[in-house]
Undergrad: 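One structure is given below, represented as structure tokens, and several questions about it will come after.
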Amino acid sequence: MQYWLMKSEPHVYSIADLARDGKIGWEGVRNYQARNTMRDLMQVGDLVLFYHSSTEPPGVAGLARISKTGLPDPSQFDAQSDYYDPKSAPETPRWIMVEIEYVETFQQYLSLAELKNLPELAGMVLLQRGSRLSVQPVSPEHFERICKKAGCSAGCISMQEKKV
DNA sequence: GCCAACGTTGGC
DNA sequence: GCCAACGTTGGC
């Protein structure tokens, strides 16, 4: 069981959209490091901090869970899509995605500025200088700290269950 | 809209 | 395989 953070621009797809849809295939990642994380490291049941980027203020908005792994990103084969990749062949898809499902919207939206002010979060990938990865790991300690601060119920409960 | 920090591309 | 040019991300 591992923890992750995934960025989304809320004007494109927000935690409210995920709450409405229930689950969504994480299309459109075109960065190899982020792809490798999704393809090789994420497992069904892992928890994901849902982060709103390019908004005011940016911050962690809620919690999701990995519900499927190893799915070819359909947008790579769609010539109409912004994410179309003509070099990717259907037999050997280059872009592999995961599906995430909605868990909860945090009672307390945690802005990036607030995260920076928590000394326990020093070293988080998100807070590192120049960090742009849209899919990134979160340590259990950092996850727990953020969960508590955000008034999260589901994620922390599931973590307690894992410990027992 | 600016721009720093990366990542990718392609000539050589 | 180097590296300059270009493109993108994302906070500010």
Side-chain angles (χ1 to χ4, degrees), chain A residues 2-21 24-42 46-64 66 69-100 102-103 105-139 141-143 145-152 155:
Chain A
Q2 291 180 271
Y3 304 96
W4 310 98
L5 180 145
M6 294 168 97
K7 296 179 184 174
S8 184
E9 302 188 12
H11 65 92
V12 177
Y13 198 83
S14 72
I15 190 75
D17 293 322
L18 183 61
R20 177 199 63 213
D21 297 340
I24 189 77
W26 206 248
E27 294 186 13
V29 170
R30 293 295 179 269
N31 169 282
Y32 285 103
Q33 195 176 346
R35 178 206 65 182
N36 293 347
T37 297
M38 288 199 289
R39 186 189 63 186
D40 304 332
L41 301 176
M42 285 182 163
D46 286 356
L47 290 171
V48 178
L49 296 172
F50 195 103
Y51 181 86
H52 283 175
S53 65
S54 294
T55 189
E56 186 50 47
V60 177
L63 191 64
I66 308 290
T69 60
L71 307 166
D73 181 338
S75 66
Q76 69 194 307
F77 305 123
D78 177 5
Q80 308 306 316
S81 169
D82 286 346
Y83 303 118
Y84 178 57
D85 184 351
K87 294 178 188 166
S88 184
E91 318 82 68
T92 54
R94 176 177 300 191
W95 303 107
I96 301 297
M97 67 178 191
V98 297
E99 179 194 85
I100 65 172
Y102 178 75
V103 177
T105 302
F106 287 151
Q107 294 174 18
Q108 190 79 32
Y109 181 88
L110 275 188
S111 74
L112 180 60
E114 291 174 285
L115 296 176
K116 286 177 176 172
N117 277 333
L118 295 175
E120 307 94 311
L121 298 184
M124 249 191 107
V125 175
L126 180 74
L127 304 182
Q128 279 165 23
R129 178 182 157 86
S131 172
R132 302 187 315 185
L133 266 181
S134 63
V135 175
Q136 55 179 255
V138 176
S139 76
E141 294 77 17
H142 292 163
F143 178 85
R145 186 72 191 88
I146 289 170
C147 258
K148 279 186 182 162
K149 187 80 176 174
C152 162

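In what follows, chains are A, B, ... by sequence order, proteins preceding strands, each numbered from 1. Since the structure is predicted, the reported quantities are computational estimates derived from the model, not experimental observations.
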Undergrad: Nearest whole angstrom, please: distance from the P of C:dC12 to the CG of A:Leu127.
TA: 10 Å

Undergrad: Write down the distance between CG (A:Asp82) and C1' (C:dT8), rounded to a whole number of angstrom.
TA: 13 Å

Undergrad: Expressed in angstrom and rounded to an integer, what is the separation of A:Arg132 atom CZ from B:dA4 atom P?
TA: 14 Å

Undergrad: Checking A:Tyr51 against A:Met6 for the side chain to side chain contact (heavy atoms under 4.5 Å, CB included) test, could you report, in this order, the C-alpha distance in whole Å, the side-chain angles of both residues, the deciding distance, and whether it holds?
TA: CA-CA 6 Å; A:Tyr51 181 86; A:Met6 294 168 97; over 6 Å; no

Undergrad: Using side-chain heavy atoms (C-beta onward) and a distance below 4.5 Å, is A:Leu133 in contact with A:Gln128?
TA: no

Undergrad: Let's see if you can work this out: which of C:dG10, B:dG7, B:dT8 has an atom nearest to the side-chain heavy atoms of A:Tyr32?
TA: B:dT8

Undergrad: Nearest whole Å is fine: how far is B:dG7 P from A:Trp95 CH2?
TA: 13 Å

Undergrad: Would you please confirm or rule out a distance under 4.0 Å between OP1 or OP2 of C:dT8 and any side-chain N or O of A:Lys7?
TA: no

Undergrad: Only counting residues at least two apart or in another chain, list the ones meeting side chain to side chain donor-acceptor pair (under 3.5 Å) with A:Glu120.
TA: A:Arg145

Undergrad: Taking CE from A:Met6 and P from C:dT9, how many angstroms apart are they, rounded to a whole number?
TA: 15 Å

Undergrad: Between B:dT8 atom C1' and A:Arg30 atom CZ, what is the distance in whole Å?
TA: 15 Å

Undergrad: Are A:Phe50 and A:His52 near enough that their ring centres are under 6.0 Å apart?
TA: yes

Undergrad: Using whole Å, what does the distance between atom P of nucleotide C:dG10 and atom CG of A:Leu5 come to?
TA: 11 Å

Undergrad: Starting from P on B:dC6, measure out to CG on A:Asn31 and report it in whole angstrom.
TA: 13 Å

